[in-house]
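Read the structure below first, then the notes.
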Amino acid sequence: MPNTLLNLIVPPEAEDAVAEWLLERDDVPGFTSVPVSGHGSSERSMTLAEQVAGRSRRVMFFIHLQTPVAQSVLAALGEDFNDSGIHYWLLPALEAGRLKA
């Protein structure tokens, strides 16, 4: 079964809700999140302070899943977080695993 990396770019005000939502799902075994800055966003989606700084604060979630599961998670996310400003992309994961000593 092919694997996918689901990347979510989430506004800071939705970070906790998205993290809790992901943690409650049985089909998401875990994820990584990091603070990121968005550059070149539409001015209407940025606060005045973000426009002055030239970047918008966001949180990026990385989730490694089998492709059908990633698509299901994405569909459910769209239902529960419709119009929340979340941006996403799916990338094929060519290989994944743990390094052993």
Completion exercise
Tightest non-hydrogen contact, residues A70 and L90, listed as CB-CD2, 4.1 Å
Handout entry: Flag, side chain of T67 to backbone of P2, donor-acceptor distance under 3.5 Å
Key = yes
Do [X] and [Y] land in one hydrophobic cluster if side-chain heavy atoms of ILVMFWY residues count as linked below 4.5 Å?
| X | Y | answer |
| --- | --- | --- |
| V34 | L91 | yes |
| L5 | V36 | yes |
| L23 | F62 | no |

Practice task
Please examine the side chains of P29 and L65, heavy atoms only from C-beta on, and report whether any two atoms are closer than 4.5 Å.
Solution key: yes
Spacing of [X] atom [atom1] and [Y] atom [atom2] [to the nearest 0.5 Å]:
| X | Y | atom1 | atom2 | result |
| --- | --- | --- | --- | --- |
| F61 | N7 | CZ | CG | 12.0 Å |
| L22 | L6 | CG | CG | 8.0 Å |
| T32 | H64 | OG1 | NE2 | 11.5 Å |
| I86 | R58 | CD1 | CZ | 10.5 Å |
| T4 | L74 | OG1 | CG | 10.5 Å |

Fill in the blank from the handout: So the side chain to side chain donor-acceptor pair (under 3.5 Å) pairs with at least one residue in residues 78-101 (sequence neighbours excluded) are W21-D80
Can you give each donor-acceptor pair under 3.5 Å made by side-chain atoms of residues 8-19, sequence neighbours left out, with the distance rounded to 0.1 Å?
none

Practice task
Using the test side chain to side chain donor-acceptor pair (under 3.5 Å), find all partners of S33 that sit at least two apart in sequence or belong to another chain.
Solution key: none
